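Please read the structure below before turning to the comments.
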Amino acid sequence: MINPFTKATSKGNRQDDGLPENEQRRAFMRYAGASVAATALLASACSPDDTLNPQSGTRGARLGDTVKLGSGDFAVLNYAYALEQLEAAFYIQAINTGKISGDEFLLMVDIRDHEIAHREFFKKALGAMAIPALTPDFSSIDFSSRIGILSAAQAFEDLGVMAYNGAGRYLTTPIYLTLAGKIVSVEARHAAYIRELLVVNNFSNSVTPDFALDMAKKPSEVLSMAGKFIQEKFDLTGSGLM
Amino acid sequence: MNILNILQDIEQTDPEVYGRLDSRRSAMRQFSNLGKKLTVGGMALGLGTMFKKAYGQVTPASVISVLNFALLLEYLEAEFYRLALANVPFPNATAKQTFVIIEDHEQKHVKFLRAAISGAGGTPINSPKFDFSGAMGAGNGPFRAAFSNYPLFLAVSQTLEDTGVRAYKGQAPNLIGTGDVLEAALNIHSVEARHASKVRLMRRMMASSLRIKPWIVGMDSGIEGGAGGLVVANYAGEITTNQGGVEIFKIHPNVTFDIATESFDEPLSRGDVENLVKGFIVPGT
């Protein structure tokens with residue numbers, strides 16, 4: 001299998017196949033003022049023996065594979081991309097169960113599509129530096145009942161909020177921090193809505209009792225909590241996210 | 001906020017931090033003593049004090065300024081809900097309880113920010129007087145029925161929460177590299193978004209309107225009539241579908257225009273927010 005990372009790196013530049021996605025990714029990099037860093041980080045986005053192709057469709061990695069997130073701001077973006085992949089996959093499966101109906105169905109379809117939009121955003125923005133498509137493992141989730149689905153949804157949304165809030169401190173580029181902020185408040189809206197479906201006025205029972213703050217979690221904590229839902233393993237060594 | 005990691009954080013951005021403190025050992029001892037002695041309510045003060053000890057008076061004025069701006073918004077929200085709980089004809093106890101919870105959060109955010117600012121060597125601003133009719137003290141502004149008209153109250157509440165989310169989001173880049181301070185601001189930001197989502201859900205159910213969602217569709221407030229016209233600027237820019245150079249609309253077959261706008265919330269600058277809340281503040285107070 002051809003490794004696009006190696007190929008691009010050996011040329012000292014990214015591949016330019018003229019696709020619109022590439023144009024958009026380069027626009028994103030320019031916007032972020034990060035094209036130099038992007039090239040420099042290209043090699044570290046994937047381990048040298050890694051032959052996973054991020055562009056190979058919906059499933060690029062396998063059980064037991066180890067995924068490296070890269071380093072610096074791109075590690076944070078890949079971390080977010082991993083979580084968005086997980087959330088999108090969860091809601092795609094949840095919607096297809098037929099257990100969610102009425103107004104809840106309408107709004108859960110919205111949530112599914114928001115997560116797909118987030119996933120696709122990170123995939124396009126990261127381009128060749130993106131981690132591969134991950135393989136979810138939802139065997140521990142009860143998809144047979146509304147309550148089971150909503151309980152899992154609440155856990156995913158609250159985890160998403162804690163993850164983004166905890167990731168902000170690792171970002172050094174203002175535009176990335178703003179983009180993370182634009183997404184996390186939508187995740188918080190989801191979290192509050194899902195909580196309301198389970199228990200009325202539970203929309204913010206996630207907060208600390210002293211100062212009513214949401215709780216941030218470090219990437220290592222989040223990935224250990226999310227690990228059982230993803231077949232691949234993550235290696236944070238060198239990512240700066242430890 | 002993980003206060004126990006603060007020395008580590010300072011060390012990362014300023015390797016000489018321990019030289020500024022008496023010694024690493026005494027700093028750690030001081031810190032662990034703080035952790036033991038202070039109640040949870042004192043931790044923000046402890047945090048600020050550590051910064052002050054490490055940096056003298058140079059807790060950047062820009063950071064204090066951002067925190068005071070946040071404090072102004074929290075004063076505004078807290079007072080709005082305090083008056084609402086005393087006056088609004090809530091349709092039932094469950095609806096009132098929602099705002100008991102939200103008011104409690106805003107009061108706690110006020111306490112948190114005041115403690116953090118003081119501890120960091122800054123001076124927390126005092127609360128101005130507010131005129132929630134939106135007439136800068138004249139009391140006869142367009143929102144004067146907000147505490148007697150429940151639907152209008154919900155509309156103003158939604159607008160304040162959505163605007164609060166935008167305000168915190170707009171300040172995040174000004175706190176980049178501040179570690180725990182940034183994280184605390186983010187931890188408030190997402191709580192404001194939870195409030196906004198809940199109030200929007202209440203409005204969706206009350207109005208039976210599918211256009212009102214827990215998230216922001218396009219740049220619509222979903223508020224009808226004259227009040228809707230008055231909050232247009234609070235939602236300006238929410239309609240964007242281009243994120244950092246990436247077009248979100250149609251990025252995937254499921255991503256319609258509405259989905260593209262809903263899936264990202266947009267920031268507002270401090271100046272924009274100050275203009276938006278100006279009518280609620282009595283000048284010179």
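From a predicted model like this one, the values you see are computed outputs, not experimental measurements.
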Toward chain B, the part of A:Ser185 with a non-hydrogen atom under 4.5 Å | both
Relative to chain B, which segment of A:Leu171 carries a heavy atom at a distance below 4.5 Å: side chain, backbone, both, or neither?
-> backbone
Note: vs chain A, highest number of non-hydrogen pairs under 4.5 angstrom among B:Val255, B:Thr94, B:Ile176 is B:Ile176
Can a salt bridge be assigned to the pair A:Asp103 and B:Lys213 using a cut-off of 4.0 Å between side-chain N and carboxylate O?
-> no
Indicate yes or no: at least one non-hydrogen side-chain atom of A:Arg119 is less than 4.5 angstrom from one of B:His252.
-> yes
Pairwise side-chain contact, B:Glu183 with A:Leu213, heavy-atom cut-off 4.5 Å (strictly under) | no
Measure across B:Ser263 and A:His118 and return the closest heavy-atom pair with its distance rounded to 0.1 Å.
-> O-NE2, 2.5 Å
A:Glu196 versus chain B, the contacting section by heavy-atom distance below 4.5 Å | side chain
Contacting moiety of B:Ile259, where chain A heavy atoms sit under 4.5 Å = both
Side-chain heavy atoms of A:Val184 within contact of B:Lys169, under 4.5 Å | no
Largest heavy-atom contact set with chain A, pairs under 4.5 Å, which of B:Glu192, B:Glu106, B:His189 | B:His189
Mark yes or no for whether B:Arg194, through its side chain, and A:Ala188, through its backbone, hold a donor-acceptor pair below 3.5 Å.
-> no
Non-hydrogen atoms of B:Leu186 and A:Gly168 that approach each other most closely | CD1-CA, 4.0 Å
If one checks every heavy atom of B:Arg200 against chain A at 4.5 Å, the contacting part turns out to be side chain
Region of B:Val191 in contact with chain A, defined by heavy-atom distances below 4.5 Å = both
Evaluate the criterion side-chain contact (heavy atoms from CB on, under 4.5 Å) for residue pair A:Asp210 and B:Phe112; output intermediate values, then yes/no.
-> CA-CA 9 Å; A:Asp210 52 352; B:Phe112 176 80; over 6 Å; no
Could you tell me whether a side-chain N or O of A:Lys182 sits under 3.5 Å from a main-chain N or O of B:Phe264, the two making a donor and an acceptor?
-> no
Portion of B:His109 that has a non-hydrogen atom of chain A nearer than 4.5 angstrom | both
Under 4.5 Å to a heavy atom of chain A? For B:Leu210 that would be side chain
Give a yes or no answer on whether the side chain of B:Lys111 reaches the backbone of A:Phe211 with a donor-acceptor pair at less than 3.5 Å.
-> no
